[in-house]
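One structure is given here, and the rest of the page talks about it.
Convention: sequence-line order gives letters A, B, ...; per-chain numbering from 1.
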Amino acid sequence: MDIKKIKRSEDYSAWYNNLVKNADLAEHSAVKGCMVIKPYGYAIWETMQSELDRRFKDTGHQNAYFPLFIPKSFFSKEASHVDGFAKECAVVTHYRLKVDEKTGEIVVDPEAKLEEELIVRPTSETIIWNTYRDWIQSYRDLPILINQWANVVRWEMRTRLFLRTAEFLWQEGHTAHASAEEAIAETKQMLDVYADFAENILAVPVIKGFKTANERFAGALETYCIEGLMQDGKALQMGTSHFLGQNFAKAFDVKFVTKENKQEYVWATSWGVSTRLMGALIMSHSDDEGLVLPPRLAPIQVVIVPIFRKQEEQTLVLDKANEIAQSLKALGIRVKLDAKDNQSPGYKFAEYELKGVPVRIAIGPRDVQNGTIEVARRDTKEKQSMDASDVAHKISHLLEQIQQNLFQRALDFREEHITTVDTWDEFLHTLENKSGFISAHWDGTTATELKIKEACKATIRCIPLDNKQESGNCVFTGKPSSQRVLFAKAY
RNA sequence: CGGGGUGUAGCGUAGCCUGGUAUCGCGCCACAUUUGGGAUGUGGAGGUCGUAGGUUCGAAUCCUGCCACCCCGACCA
């Protein structure tokens, strides 16, 4: 493979695109804005899925599946929801094709027009709440705690692999509750689940917060989010958890009978993360050599590269390599022994670095003789020779260290890139020269938020949950403010 | 959707201005020698030049439409 090396520092977005392709994660398809997720990329997504799925089930949720298509009329039932999504919907208008008699081409059969158009789901609140109406009669039917793994379509103007594609994979949780308090607790619980997953599995530190009214999900009363900071200083929204109040229950007439025999509307939440997390993963840890994967997510955690010249050496080295592979497998480590003899060790080293394999073990005749192995870690690129005894436990420990190191490194970077500013000049200067999050006072109005966005493209990423209350003056208008919020340029 | 750019073999490219049937490197196949940081030699395969039209005796090359991607805006997870 002739890999074109593009440096992060020179052109961040070209570096990103190049990395996604070269590391075999995904590629553009024949369909505009839609990507093909390749086996190696999909394997990483599957690991994300299984880690998240386990957490969802541990918190009492069940998986279910709802239709891809949503009748158009469902969208008009919740006004702000339709406002939010109308501009990016794919619509099915016909159900049949036919051969045009004149041209011989396949055309849409005009006689097969649907009575009511179907929307390809951009999110499933409407079809799900329409269904919940029939599932809920009494407080005894609540809560309903459901998650769906699905694809959704949002017709985006400008797409980027994983970060924003017209079709993407995600999970969407939709829960129904008897009280606002319970629904809010659910919303917060799922935000914690996302934060735990992001930090402990992806090794990406996140800030938990909630969105301003302007950035809120269409139809939500409150949108909680986790925000990550990428290496180029731009913020990425990595997951959201919405408290929907009774908006969808009212729109779809979902009521329940309380203990006191009163009719009440059901309280709702929804929460989701998508294949965008792949983008977060790539942009948080990777370098000019390629992908860097945290061990807990890596499809291959350890690769063993045997080195040999002659036939006898090959047998000797492979025997030892196999033995090591077996001992690693016995500890549940995902290991690959790459015994291909048509690629040089140097080629393999570069290849597995590109793919982000956390640990590489090289073993040659010299090692077999000395009872050693060479261990290289992807995160720091350090190489060292070590005694081959008790390899499995040493490697297991090393994988854990790498996981921690990646998180710590990303955390240090983020902490260095949260700048507290009190004047508009400082604000602009920081945004221009340092980027990252800017912690500043804001007067709480959407008008100011929009003016700031217009002036410098920075938006309020979130109001952190653990925010200190302190009085100050809005960085833009000078009006009084009771707390700081986090601004950044965002993906 | 606006402004700019790009599209030639799996990947990266030369050729385009000045029209004559496509260059080179990597990869691929075979054999041999190799293998401790992207091996070498010899032979071989692989191309509707993004796509549809037009101009021309003749188009990768000139003209027009369309499509896709990249960068910058607007929109957004």
Side-chain angles (χ1 to χ4, degrees), chain A residues 1-6 11-18 21-22 24 27-35 83-89 122-123 152-172 211 214-218 223 225-228 235-242 270-280 289-290 305-311 313-314 317 338-354 360-370 372-374 376 381 383 385 453-454 457 459 461 490-491:
Chain A
M1 216 184 293
D2 191 19
I3 300 299
K4 196 164 94 185
K5 286 267 173 78
I6 297 174
D11 186 341
Y12 197 81
S13 73
W15 166 83
Y16 175 85
N17 283 317
N18 208 45
K21 264 182 264 178
N22 289 337
D24 245 353
E27 61 190 28
H28 292 285
S29 71
V31 184
K32 180 179 176 128
C34 297
M35 64 179 167
D83 279 355
F85 289 104
K87 280 177 281 183
E88 49 187 38
C89 284
T123 179
V152 287
V153 169
R154 295 182 190 175
W155 214 262
E156 297 290 349
M157 294 301 173
R158 201 170 146 191
T159 59
R160 295 192 68 192
L161 292 169
F162 289 121
L163 294 174
R164 176 165 293 110
T165 46
E167 179 192 11
F168 56 94
L169 306 183
W170 78 344
Q171 60 66 217
E172 46 182 325
K211 292 290 188 185
N214 179 52
E215 297 271 333
R216 215 173 267 155
F217 175 76
T223 288
C225 62
I226 52 171
E227 291 283 327
L236 182 73
Q237 178 173 308
M238 290 173 59
T240 47
S241 183
H242 313 289
S270 71
W271 27 275
V273 297
S274 72
T275 36
R276 172 176 251 205
L277 290 176
M278 294 287 291
E289 264 61 59
V305 178
I307 297 161
F308 46 81
R309 290 192 184 79
K310 310 177 204 94
Q311 186 66 47
E313 288 181 348
Q314 180 172 4
V317 166
D338 187 349
K340 282 196 294 285
D341 61 358
N342 62 336
Q343 288 168 345
S344 69
Y347 182 92
K348 291 176 186 173
F349 292 173
E351 180 70 15
Y352 290 108
E353 274 164 15
L354 176 61
R360 180 184 73 232
I361 297 177
I363 176 163
R366 223 156 57 202
D367 291 305
V368 177
Q369 200 150 39
N370 301 337
T372 58
I373 52 170
E374 183 193 81
K381 302 201 197 92
K383 272 197 294 199
S385 184
K453 185 181 178 184
E454 202 178 327
K457 290 178 205 151
T459 51
R461 300 322 305 153
Y491 275 97

Any side-chain heavy atom of [X] within less than 4.5 Å of one from [Y]?
X      : Y      : result
A:K211 : A:E227 : yes
A:L236 : A:L163 : yes
A:T240 : A:F217 : no

Which one, [options], comes nearest to the side chain of [X]?
X      : options                : result
A:R160 : B:rC71, B:rA74, B:rC76 : B:rC71
A:F349 : B:rG37, B:rA68, B:rA77 : B:rG37
A:D367 : B:rA77, B:rG36, B:rG38 : B:rG36
A:K457 : B:rC76, B:rA68, B:rG73 : B:rG73
A:H28  : B:rC70, B:rG37, B:rC75 : B:rC70
A:A362 : B:rG36, B:rG37, B:rA77 : B:rG36

Quick one: label [X] by what it contacts on the DNA or RNA (base, sugar-phosphate, nothing), any heavy atom closer than 4.0 Å.
X      : value
A:L163 : base
A:G279 : nothing
A:F168 : base
A:Q237 : sugar-phosphate
A:T123 : nothing
A:T223 : nothing
A:E353 : base

Which label fits A:F168 and A:W170: parallel for a plane angle under 30°, tilted from 30 to 60°, or perpendicular past 60°?
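Rings of A:F168 and A:W170: perpendicular, over 60°.
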
Between [N] ([atom2]) and [X] ([atom1]): distance, integer Å:
X      : N      : atom1 : atom2 : answer
A:Y12  : B:rC70 : OH    : P     : 16 Å
A:E313 : B:rG36 : CD    : P     : 11 Å
A:Y347 : B:rC11 : OH    : C1'   : 11 Å
A:L354 : B:rG37 : CG    : P     : 19 Å
A:M157 : B:rA68 : CE    : P     : 13 Å
A:R164 : B:rC69 : CZ    : C1'   : 17 Å

Full working for side chain to side chain contact (heavy atoms under 4.5 Å, CB included) between A:T165 and A:E156:
CA-CA 7 Å; A:T165 46; A:E156 297 290 349; over 6 Å; no

Counterpart residues, side chain to side chain donor-acceptor pair (under 3.5 Å), relative to A:Y16 (two or more places apart):
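Checked A:Y16 against side chain to side chain donor-acceptor pair (under 3.5 Å); zero matches.
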
Whole-angstrom distance between B:rG37 and B:rC31, as gauged at atom P
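It works out to 27 Å between them.
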
Using the C1' atom in both, what is the distance from B:rC63 to B:rG19, to the nearest Å?
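That atom pair is separated by 13 Å.
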
Expected output: side-chain A:N17 to main-chain A:A14 donor-acceptor under 3.5 Å:
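No, because the side chain of A:N17 does not come within donor-acceptor range (under 3.5 Å) of the backbone of A:A14.
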
My validator wants the stems of RNA chain B: runs of 3 or more consecutive Watson-Crick or G-U pairs, both distances under 3.5 Å, written as range with range.
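So the stems come out as B:1-7 with B:67-73, B:10-12 with B:24-26, B:28-33 with B:39-44, B:50-54 with B:62-66.
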
Trace of the side chain to side chain contact (heavy atoms under 4.5 Å, CB included) decision for A:T275 with A:M35
CA-CA 11 Å; A:T275 36; A:M35 64 179 167; 4.3 Å; yes

Start with the C-alpha distance between A:R276 and A:M238, add both sets of side-chain angles, then the distance that settles side chain to side chain contact (heavy atoms under 4.5 Å, CB included), and finish with yes or no.
CA-CA 7 Å; A:R276 172 176 251 205; A:M238 290 173 59; over 6 Å; no

Verdict with reasoning, A:E215 to A:C225, per side chain to side chain contact (heavy atoms under 4.5 Å, CB included)
CA-CA 11 Å; A:E215 297 271 333; A:C225 62; over 6 Å; no

Within the structure, does a side-chain N or O atom of A:N17 lie under 4.0 Å from either OP1 or OP2 of B:rC71?
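Checking A:N17 against B:rC71: at least one side-chain N or O falls below 4.0 Å of OP1 or OP2.
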
Using a cutoff of under 3.5 Å, can you pull out all pairs of nitrogen or oxygen atoms linking the protein to nucleotides 31-35 of chain B, with atom names and distances?
unit_1, atom_1, unit_2, atom_2, d
B:rU35, OP1, A:R309, NE, 3.0

Is it possible for you to check whether A:R360 lies under 6.0 Å from the centre of the six-membered ring of A:F349, through NZ or CZ, and within 45° of that ring's axis?
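Geometry flag: set, cation within 6.0 Å and 45°.
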
